[in-house]
Amino acid sequence: MAAVAFVINGTLVKAGGRFLPLCHAAAARAGWTPEFHVTGKAEAGVAAARDAAADGADLVVAVGGDGTVRGCAEGLANTGIPLGIVPVGTGNLLAATLGIPAHARAALAVVLGTRGTRCADRRIDLATADGAPFTAMAGMGLDAAVVAATRLKHHFGWLAYAMSGAVHLALPPARFTISMDGGAPVERDARSVVVGNSGLLPGGFTLLPDARIDDGLLDVGILAPHGPFGWPKVATRVLTHSRHQDRHLVRFQARTVQITAHSTLPREVDGELVTPDRTLTVSVQPGALIVRAPLAG
């Protein structure tokens, strides 16, 4: 029988413990031999996924949010072992990008190939921020300040980010210098600079409409709303997937991105805070990760 390793966020087990038996039953129905790794931090997820691959697992399934997925992605990068995702944490941006169902049972059916489901293994890019791999988005400024101020995300999900974002809209801009692929630097006074492998925000909103997880490129968004109508204009473009660009919101594509702020700012990677700093260097590893996703149609 094929072997599947489940890497489960430990908070889900402590919250009620239903995910272990749920995953075990789903694996049995689909004809897989399961093993389980319950993790506390993203670093533990990296080691668990790496160990599972080394021990001969045919599939590793991340059960949790973006932090769990990011850890498993790092552990499986360039191994050829596919990653499945059961999105039951906060954010779940890669799962949403891939079209993986939000309901745990439906997601398990996809990643385990339960009879009646249609899925395929897909090779995608993996990005790194200061050497740390991530799957969705990293940034400096407002987006990281929102993450830092969010205390209710495990109860309210993406709504907690929206609530925190509304509070931080009045924060002053910072001066940024952005260098892309060694070209001439771009100077901007902005609220935030984000770099995406995926273009989605929590809640399913699209900030970077041209972002593709398998195009070998990173998409850069510079948010610099000005005046009383700046934020409404940015919000309208995000909600309508508009590609219009002006001083309020401008986008670029590159393979390497060096962001430098003129002061120390909060930074985030896949919705998790990293140490505040004045710089963030992001690059892309084309085709470094295999993920299991539903087939369209």
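Counting from 1, the numbers follow the sequence of the chain as shown.
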List the steps and the verdict of side-chain hydrogen bond (donor to acceptor under 3.5 Å, both in side chains) for Thr260 and Thr177.
CA-CA 5 Å; Thr260 303; Thr177 301; over 6 Å; no

Point-to-point distance, once rounded to the nearest 0.5 Å, from [atom1] of [X] to [atom2] of [Y]:
| X | Y | atom1 | atom2 | value |
| --- | --- | --- | --- | --- |
| Asn92 | Leu98 | CG | CG | 11.0 Å |
| Ile222 | Ile178 | CD1 | CD1 | 3.5 Å |
| Ile259 | Asp130 | CD1 | CG | 9.5 Å |
| Cys72 | Ile81 | SG | CD1 | 13.0 Å |
| Asp125 | Ile213 | CG | CD1 | 8.0 Å |

What salt bridge (charged side-chain N to carboxylate O under 4.0 Å, His left out) pairs are there with at least one residue in residues 212-225, not counting sequence neighbours?
Arg122-Asp214

Side chain to side chain contact (heavy atoms under 4.5 Å, CB included) with Ala77: which residues, sequence neighbours excluded?
Leu126

Between Ile124 and Val284, is there a shared hydrophobic cluster once you connect ILVMFWY residues whose side-chain heavy atoms come closer than 4.5 Å?
no

Arg175 CZ: over 12 foreign heavy atoms closer than 6.0 Å
yes

Got a sec: does the NE2 of His262 have more than 12 other heavy atoms crowding it under 6.0 Å?
yes

If you look only at distance, which donor and acceptor atoms sit under 3.5 Å apart when one is on a side chain in residues 285-292 and the other is two or more places apart or in another chain?
from: Arg292; atom 1: NE; to: Asp121; atom 2: OD1; distance (Å): 2.7
from: Arg292; atom 1: NH1; to: Val111; atom 2: O; distance (Å): 3.2
from: Arg292; atom 1: NH2; to: Asp121; atom 2: OD1; distance (Å): 3.2
from: Arg292; atom 1: NH2; to: Asp121; atom 2: OD2; distance (Å): 3.1

